[in-house]
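Structure record follows, encoded as structure tokens.
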Protein chains: 2
Amino acid sequence: MAEVIFADCKLFRDVVHAKSLSRAAQLNGISQSAATQHIQDLEKRLGIELFDRSTRPLGLTTAGKLYADLCRDVLRRAEDFTAALEEMKDSAERVIRIASIYSIGLSEMGRLREEFGKIFPGAAIHVQLLRPDKVYEAVLEDQADLGFISYPEHRRDLTVVPWREERMTVAAYPSHAFVGREMVVPRDLHGEAFIAFDEEVIIRRELDRFFRESDVEISIVMQLDNIQSIKEAVALGSGISILPERTMQAELEQRRLVSIPLHAPELRRPVAIIHRKKKKLSRAAREFLQFVIA
Amino acid sequence: MAEVIFADCKLFRDVVHAKSLSRAAQLNGISQSAATQHIQDLEKRLGIELFDRSTRPLGLTTAGKLYADLCRDVLRRAEDFTAALEEMKDSAERVIRIASIYSIGLSEMGRLREEFGKIFPGAAIHVQLLRPDKVYEAVLEDQADLGFISYPEHRRDLTVVPWREERMTVAAYPSHAFVGREMVVPRDLHGEAFIAFDEEVIIRRELDRFFRESDVEISIVMQLDNIQSIKEAVALGSGISILPERTMQAELEQRRLVSIPLHAPELRRPVAIIHRKKKKLSRAAREFLQFVIA
DNA sequence: ACTATATCATAAGTAAATCTAATGAAGGCT
DNA sequence: AGCCTTCATTAGATTTACTTATGATATAGT
């Protein structure tokens with residue numbers, strides 16, 4: 001592989017080592033004449049003789065020694081490069097770099113990695129949890145092959161693959177009055193102490209609209225910018241919230257939270273996978289994408 | 001000058017720096033198409049894309065970054081080489097490396113350097129004083145451009161340029177009986193305490209033959225392998241000797257030695273300059289050789 | 001010293017590569 | 001959407017690189 005770059009250097013090095021043009025030519029699969037012409041051309045370009053032809057076996061001139069050193073260094077450096085490149089190629093084929101928002105990454109990645117590992121054992125999945133805008137950035141700047149986001153924004157040079165729409169339910173602490181009910185209708189939420197998302201988060205705007213359209217007024221007791229914190233606050237009894245049910249899985253099992261279905265069919269969180277439009281994904285990444293959305 | 005080697009690396013580096021194939025092509029005096037084809041060929045050989053074409057300005061891929069690093073290192077190394085080469089070329093044109101036996105070097109080089117310096121001010125003369133066999137070695141191995149020796153041996157791949165034949169005279173200490181005489185004839189030497197050369201030195205064999213042919217028996221009191229030591233021994237009054245007159249110059253002026261002409265026209269020390277037959281001497285060296293033998 | 005042998009240099013013709021000019025495709029900006 | 005710039009592609013021309021054949025030269029062996 002290192003053979004395809006710096007072939008001139010390799011030839012020179014071989015001539016020096018073999019002390020013979022004809023043998024070096026053989027080693028490089030060319031004729032003796034070609035080797036001679038190569039070296040002569042080189043000498044002409046450098047404007048100085050590199051070999052001492054007056055003696056046999058062929059000896060180096062002072063300038064030749066300098067050039068031989070150059071070739072040695074260059075070839076050594078090229079080998080390092082080739083090794084690094086091979087390693088990179090290999091890992092590029094095998095590793096899938098994923099950037100995900102916290103809520104999806106925390107609740108889904110463990111499962112996905114495990115299940116995908118079974119059908120594609122060679123792959124290595126590297127997950128990075130980021131704020132939503134950083135997920136877009138990571139994908140656009142080729143820091144990640146795939147990005148997991150909610151409420152996808154369509155952008156030029158970004159392909160958005162819709163994954164699913166998550167049902168939103170009421171998240172309450174175990175001692176709340178709703179617990180035990182089959183379902184909650186929007187009106188029931190009126191006046192409830194509510195843990196909301198920060199205003200710049202899209203899901204907050206969606207919920208605000210839902211409350212407005214349902215003519216419900218809630219009492220926001222806290223604003224947080226991520227699901228994880230909201231779940232904590234709810235569990236501590238500060239209020240209730242509305243969250244994608246799937247993101248509560250762990251807390252529901254631990255009985256730290258209770259999820260009560262909410263009659264609001266329009267309230268769903270769309271989740272999607274993004275990747276750069278132009279970039280051709282590695283086989284592993286393509287398989288993974290197929291596997292996830294299947 | 002660095003431009004004639006590793007042109008591919010330079011092009012790549014320029015493309016990276018300019019973030020543009022067309023501008024890099026201009027910088028390298030080729031068409032945009034040629035630059036594109038170059039990079040594409042490179043990518044094909046490496047089996048991986050180096051540039052990210054899906055965005056403008058052109059960005060590097062991970063592999064491209066690796067290759068750019070390689071190019072940077074190679075070009076830097078090549079620059080060092082070029083600088084070293086230029087320096088070498090320059091000095092090769094200016095410096096004359098001389099290997100000389102002690103007797104010639106000590107007595108003549110100061111004068112030659114000074115006089116030659118006037119007619120060829122650019123030259124730098126490097127003199128190395130060595131035993132005779134080392135002088136041959138130095139010249140044959142291209143450690144020296146010119147070699148100064150006595151009693152030249154003709155060898156294959158060595159050009160011998162006769163310089164002069166030095167008159168040999170009797171070297172005596174100031175209190176010796178010969179001092180004041182116009183001339184000494186061989187017979188006068190009979191029975192004299194004599195400081196001789198070691199037996200392997202050519203000059204010794206020449207003198208032995210001279211004594212034999214003159215039917216003279218001398219009394220060797222000391223054997224030394226170089227003229228310098230013999231002069232010392234004579235000056236200290238251990239005996240007399242026969243030496244090339246010119247090599248005694250300094251001691252004669254200091255009146256530490258006295259030189260008495262010897263009637264022996266055949267007794268002359270030939271001195272010659274040698275150089276490698278094939279090697280073309282630098283202009284400085286050629287001028288110097290001409291100057292010396294003129 | 002002379003010849004034999006191996007190796008390098010050179011020449012001429014051919015194959016291969018590289019280059020240019022022209023044109024097509026695509027990104028990014030207004 | 002349309003314009004402008006830049007890159008990709010193609011085909012043909014030019015240059016370069018290679019091969020084979022032959023000549024020159026250094027070294028070794030007689």
Side-chain angles (χ1 to χ4, degrees), chain A residues 3-12 14-45 49-61 64 140-142 154-159 276-280, chain B residues 3-12 14-45 49-61 64 140-142 154-159 276-280:
Chain A
E3 291 76 28
V4 297
I5 50 179
F6 303 123
D8 291 5
C9 279
K10 183 179 179 303
L11 175 63
F12 189 86
D14 290 349
V15 173
V16 172
H17 186 250
K19 299 178 198 298
S20 155
L21 284 161
S22 39
R23 258 167 296 161
Q26 279 189 316
L27 285 174
N28 289 64
I30 58 175
S31 67
Q32 168 263 317
S33 171
T36 298
Q37 291 174 59
H38 258 290
I39 302 296
Q40 284 177 342
D41 177 62
L42 185 60
E43 288 175 328
K44 214 168 65 191
R45 278 182 341 218
E49 297 211 323
L50 300 174
F51 285 104
D52 180 355
R53 266 87 167 177
S54 70
T55 182
R56 272 211 287 245
L58 226 51
L60 282 171
T61 62
L140 285 170
E141 289 178 358
D142 200 28
H154 290 257
R155 298 194 199 180
R156 192 171 25 67
D157 60 15
L158 216 56
T159 299
R276 285 178 59 198
K277 204 166 248 163
K278 285 298 143 52
K279 181 173 183 183
K280 77 166 194 307
Chain B
E3 290 75 28
V4 297
I5 49 179
F6 302 124
D8 290 7
C9 278
K10 183 179 179 303
L11 175 64
F12 189 87
D14 289 350
V15 173
V16 173
H17 186 250
K19 298 178 199 299
S20 156
L21 283 162
S22 39
R23 257 168 296 161
Q26 279 189 315
L27 284 173
N28 289 64
I30 58 175
S31 67
Q32 169 264 317
S33 169
T36 299
Q37 291 174 61
H38 258 291
I39 302 296
Q40 284 176 343
D41 176 62
L42 185 59
E43 288 175 328
K44 214 168 65 190
R45 279 185 338 220
E49 297 210 324
L50 300 174
F51 286 104
D52 179 355
R53 266 87 166 177
S54 70
T55 182
R56 267 203 297 237
L58 226 51
L60 282 172
T61 62
L140 285 170
E141 289 178 0
D142 200 28
H154 288 257
R155 298 195 198 180
R156 195 176 20 70
D157 60 16
L158 215 55
T159 299
R276 284 178 60 199
K277 203 166 250 164
K278 285 298 144 52
K279 179 170 186 188
K280 78 167 192 307

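Chain naming here is simple, since letters A, B, ... match the order of the sequence lines and numbering starts at 1 in each. These numbers come from the heavy atoms of this one structure, side chains and all, not from hydrogens, waters or symmetry mates.
- Atoms CD and CD1, on A:E49 and A:I39 in that order, are 12.0 Å from each other to the nearest 0.5 Å.
- The CG atom of B:D41 sits 10 Å away from the P atom of C:dC19 (whole-angstrom rounding).
- In this structure, A:T36 reaches the C:dA9 phosphate: one of its side-chain N or O atoms is under 4.0 Å from OP1 or OP2.
- With rounding to the nearest 0.5 angstrom, the CZ atom of A:F51 is 5.0 Å from the CG atom of A:L60.
- Distance, B:Q32 CD to C:dA21 P: 12 Å, rounded to whole Å.
- Residue B:Q40 places no side-chain atom within donor-acceptor reach of the base of D:dT9, judged by atom type and a 3.5 Å distance cut-off alone.
- Within the 4.0 Å cut-off from OP1 or OP2 of D:dT27, at least one side-chain nitrogen or oxygen of A:T55 is found.
- For C:dA17, neither phosphate oxygen OP1 nor OP2 lies less than 4.0 angstrom from any side-chain nitrogen or oxygen of B:H38.
- For the 3.5 Å distance criterion, the side chains of A:S22 and A:S20 qualify, holding a donor opposite an acceptor.
- Side-chain to base pairing of B:Q37 with D:dA8: no donor and acceptor N or O lie closer than 3.5 Å to each other.
- Going from atom CG of A:L158 over to atom P of C:dG27 covers 14 Å, rounded to whole Å.
- Residue A:R276 contributes atom CZ, which lies 11 Å from atom P of C:dG27 at whole-angstrom precision.
- Both B:L58 and A:S31 lie close to DNA chain D; mapped to their nearest nucleotides by heavy-atom distance, the more 5′-ward contact belongs to B:L58.
- Applying the 4.0 Å criterion to OP1 and OP2 of C:dG27, one finds that B:R53 has every side-chain N and O outside that range.
- Dashed line: the shortest gap from a side-chain N or O of A:S33 to OP1 or OP2 of D:dT20 is not under 4.0 Å.
- Separation of the A:F6 and A:F12 ring centroids does not fall under the 6.0 Å cut-off.
- The CG atom of B:D8 sits 14 Å away from the C1' atom of C:dC19 (whole-angstrom rounding).
- Side-chain N/O atoms of A:S22 include none lying less than 4.0 angstrom from OP1 or OP2 on C:dA6.
- Atom CD1 of A:I39 and atom C1' of C:dT10 are 16 Å apart (whole Å).
- Between the CG atom of B:L42 and the P atom of C:dA17 there is a distance of 16 Å, rounded to whole Å.
- Summary of the strand contacts: A:A35 and A:P57 both lie near DNA chain D, and taking for each the nucleotide with the nearest heavy atom, the more 5' one is attributed to A:A35.
- Distance, A:L21 CG to D:dT25 P: 17 Å, rounded to whole Å.
- Looking only at distances, no side-chain donor or acceptor of A:T159 sits under 3.5 Å from a matching main-chain atom of A:R276.
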